[in-house]
Amino acid sequence: MSRGQGFGLSNAARLALVQRLARRREGQEAQAASDQRGFGAIQGLRDWGLMREAMGALSIESPFFRAHEGRAGAHSLIGNRDTINFGSYDYLGLNGDPRLHQAAAAAMARYGISASASRLVSGERPVHGELERRLAAHYGQQAALAFVSGHATNVTVIGHLMGPRDVIVHDAAIHNSCVEGAKLSGARRVSFAHNDARAAEREMAAVRRSAGRALLLVEGHYSMDGDVPDLAALLQVARKHDAWLMVDDAHGLGCVGATGKGVFEAAGVDPSEVDIWMGTLSKTLCAAGGYIAARGDLIDWMRHTVPGFVYSVGLSPPLAASAAAAMDIMAAEPWRVAKLQANSRLFRDLCRAKGFDTGSSEGLGIVPVVLGSSVRAIRVSAALLEHGVNALPIVFPAVPEKLARLRFFLSAEHSEQDVRDAVAALVAATDGVAPADLAG
């Protein structure tokens with residue numbers, strides 16, 4: 001990218017936008033001073049106002065909150081138009097499977113839609129235990145615990161497990177939910193270079209002696225980059241420094257490993273060696289919620305004390321039942337994993353052949369296409385939708401500005417023609433997007 005095209009703007013547009021936003025900021029400050037009971041003093045709200053102003057000036061419509069008028073599978077109906085969909089987590093194509101629908105319907109008929117209370121008091125249902133036994137067995141652990149939200153699982157568990165005298169050493173690309181949980185805990189938080197086990201060792205060695213307890217925190221399949229960690233090496237780091245190893249395998253289940261068991265299968269590691277497994281029900285398992293799998297004593301303690309479980313309504317019974325059914329189907333139909341991985345590798349390799357930067361993606365279900373600026377990523381996403389393909393941009397501050405990208409979630413439901421058509425559409429969309437100028 002030339003200096004004149006920073007942030008996807010022409011030189012003139014860049015200067016004009018800076019001047020326009022400076023005037024907007026002056027107006028924000030004056031309004032905040034005059035409205036003592038307003039919310040204009042919140043810096044984040046003011047920053048969002050500036051972003052909205054910039055999007056309006058560049059005639060950019062928000063790519064977010066696109067409504068899908070039907071099931072979002074390999075194809076989806078957006079704006080009453082069929083699109084090839086790469087914006088959903090339905091990795092194994094199970095969201096429309098009648099077996100999941102039947103399991104959910106049977107649970108709903110017996111238990112109702114809601115658990116109607118915290119499981120601790122009167123929200124416990126047999127389907128919860130059935131799902132948790134499957135999850136525990138999958139990870140070679142003694143027990144598991146299901147929560148109503150994947151994001152909240154990390155926040156409440158990490159926040160409850162660790163304390164101010166402790167240290168959390170985590171991958172620099174760790175999910176926001178893990179970061180928020182670490183903040184809540186009050187523990188010292190130290191990041192290491194993404195996917196660098198040697199850097200993890202150095203950081204852990206530097207801080208371990210001064211800490212009470214230590215947690216080494218990584219993902220099994222990174223949602224921004226589509227790569228996987230060296231689990232065996234990280235396990236050695238944790239053992240050497242008397243630290244717990246926690247793996248957030250939310251995007252690993254169903255994607256990573258020959259049969260989709262997750263990162264432990266790909267690494268040849270006994271999953272029982274990992275201290276804490278975290279995952280979600282909302283990706284491969286086509287439900288909603290999160291879970292922890294670990295030793296029985298830890299899970300029993302969490303069942304009675306973790307705020308996000310004790311003080312929250314229990315997982316909806318139909319969701320628990322459908323997630324359990326999805327686990328059974330995944331185990332019985334490994335062809336789905338093979339098809340997902342074949343589609344992902346084909347998409348990644350075709351993109352690379354066309355000169356696109358797909359980063360370190362291993363082609364297991366997630367493939368980023370790095371476009372270099374937030375404005376360009378948003379505009380290419382819009383152009384791509386015009387070509388009948390749905391893929392959402394990931395922009396600053398979720399990623400560094402120079403690494404703004406489109407993120408493609410592949411599915412076992414995609415056909416080879418879907419993949420080839422999407423790459424052709426991506427070429428056409430990017431060719432049609434020049435540096436932006438201000439409107440009016």
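In this chain, numbering begins with 1 at the start of the sequence shown. Only heavy atoms go into these numbers, but all of them, side chains included; no hydrogens, no water, no symmetry mates.
Crowding of Glu69 atom CD: a count of heavy atoms from other residues, nucleotides or ligands under 6.0 Å exceeding 12. Environment of CZ in Phe39: sparse, with no more than 12 heavy atoms of neighbouring residues, nucleotides or ligands closer than 6.0 Å. Counted within 6.0 Å of NZ on Lys339, heavy atoms from surrounding residues, nucleotides or ligands total more than 12; the atom is thus considered enclosed.
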Step by step, work out the side-chain contact (heavy atoms from CB on, under 4.5 Å) result for Ser373 and Lys402. CA-CA 5 Å; Ser373 84; Lys402 65 180 180 180; over 6 Å; no
Intermediate values then yes/no, side-chain contact (heavy atoms from CB on, under 4.5 Å), Phe356 and Leu350: CA-CA 9 Å; Phe356 291 108; Leu350 288 174; over 6 Å; no
If you apply the rule side-chain contact (heavy atoms from CB on, under 4.5 Å), what do you find for Ile366 with Tyr91, and how did you get there? CA-CA 9 Å; Ile366 302 167; Tyr91 292 122; 3.6 Å; yes
Step by step, would you call Ile158 with Met278 a side-chain contact (heavy atoms from CB on, under 4.5 Å)? CA-CA 11 Å; Ile158 297 169; Met278 180 271 172; over 6 Å; no
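Atom CD1 of Ile84 and atom CD1 of Ile78 lie 11.5 Å apart (nearest 0.5 Å). Note that CZ of Phe86 is 9.5 Å distant from CG of Asn390, once rounded to the nearest 0.5 Å. The distance from the CG atom of Leu281 to the OG1 atom of Thr153 is 8.0 Å, given to the nearest 0.5 Å. Atom-to-atom distance recorded for Met224:CE and Glu219:CD is 9.0 Å, nearest 0.5 angstrom.
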Please report, to 0.1 Å, the donor-acceptor pairs under 3.5 Å made by any side chain of residues 104-115, with sequence neighbours excluded.
{"residue": "Ser114", "atom": "OG", "partner": "Ser116", "partner atom": "N", "Å": "2.8"}

Below 3.5 Å, can you tabulate the donor-acceptor pairs from side chains in residues 46-54 to any protein atom, sequence neighbours excluded?
{"residue": "Asp47", "atom": "OD1", "partner": "Gln43", "partner atom": "NE2", "Å": "2.8"}
{"residue": "Glu53", "atom": "OE1", "partner": "Arg24", "partner atom": "NH1", "Å": "2.9"}
{"residue": "Glu53", "atom": "OE2", "partner": "Arg20", "partner atom": "NE", "Å": "3.0"}

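Thr430 places a side-chain N or O within 3.5 Å of a backbone atom of Leu426 that can act as its donor or acceptor partner. His138 places a side-chain N or O within donor-acceptor distance of the main-chain N or O of Lys261, the cut-off being under 3.5 Å. Here the side chain of Asp230 pairs no donor or acceptor atom with the backbone of Asn195 at under 3.5 angstrom. For the pair Asp90 (side chain) and Leu94 (backbone), a donor-acceptor distance under 3.5 Å is present. Using a distance-only test at 3.5 Å, with no hydrogens or angles considered, a donor-acceptor pair links the side chain of Asn343 to the main chain of His414. Using modelled atom types, no side-chain atom of Ser312 and backbone atom of Phe309 make a donor-acceptor pair closer than 3.5 Å. Distance alone, capped at 3.5 Å, places no donor-acceptor pair between the Thr156 side chain and the Ala152 backbone. Distance alone, capped at 3.5 Å, places no donor-acceptor pair between the Ser191 side chain and the Ala172 backbone. Between the side chain of Arg119 and the backbone N or O of Gly314 there is no donor-acceptor pair closer than 3.5 Å. Judged purely by atom type and a 3.5 angstrom limit, Ser361 uses its side chain to pair as donor or acceptor with the backbone of Gly363.
The aromatic rings of His251 and Phe409 sit parallel to each other, their planes meeting at less than 30°, with 60° as the upper class boundary. Under the 30°/60° scheme for interplanar angles, the aromatic rings of Phe347 and Phe408 are found to be tilted.
In terms of heavy-atom proximity, Ala173 sits nearest to Tyr222 at O-CD2, 3.8 Å. Shortest non-hydrogen contact noted between Val310 and Thr305 is CG2-N, 3.5 Å. A pairwise comparison of heavy atoms in Val337 and Gly254 identifies CG2-O, 3.7 Å as the closest pair. In terms of heavy-atom proximity, Ala146 sits nearest to Leu131 at CB-CD2, 4.4 Å. Contact record, Leu315 with Ala320: CD2-CB, 3.8 Å, taken as the closest heavy-atom pair. Heavy-atom minimum distance, Ala326 versus Thr284: CB-O, 4.5 Å.
With a 4.5 Å cut-off on side-chain heavy atoms, Asp171 and Phe192 count as touching. A 4.5 Å side-chain heavy-atom check between Gln141 and Ile299 finds every atom pair outside the cut-off.
Taking Glu362 as the reference, nothing meets the salt bridge (charged side-chain N to carboxylate O under 4.0 Å, His left out) condition, with sequence neighbours excluded.
Side-chain polar atoms of Arg348 and Thr358 form no donor-acceptor pair below 3.5 angstrom. Between the side chains of Asp227 and His194, a donor-acceptor pair is found at a separation under 3.5 Å. Using modelled atom types, one finds no donor on one side chain facing an acceptor on the other under 3.5 Å when comparing Asp35 with Gln31. Residues His151 and Ser149 bring no donor and acceptor atom of their side chains to less than 3.5 Å of each other. A donor atom on one side chain and an acceptor atom on the other are not found under 3.5 Å apart for Arg66 and Ser76.
Test Ile168, Ile276, Leu216 against Met246 for side-chain contact (heavy atoms from CB on, under 4.5 Å) and you get one pass: Ile276.
With respect to the salt-bridge test (charged N to carboxylate O, under 4.0 angstrom), the residues Asp328 and Arg99 do not qualify. A salt bridge is absent between Lys283 and Asp249: the closest approach of a Lys/Arg side-chain nitrogen to an acidic carboxylate oxygen does not fall below 4.0 angstrom.
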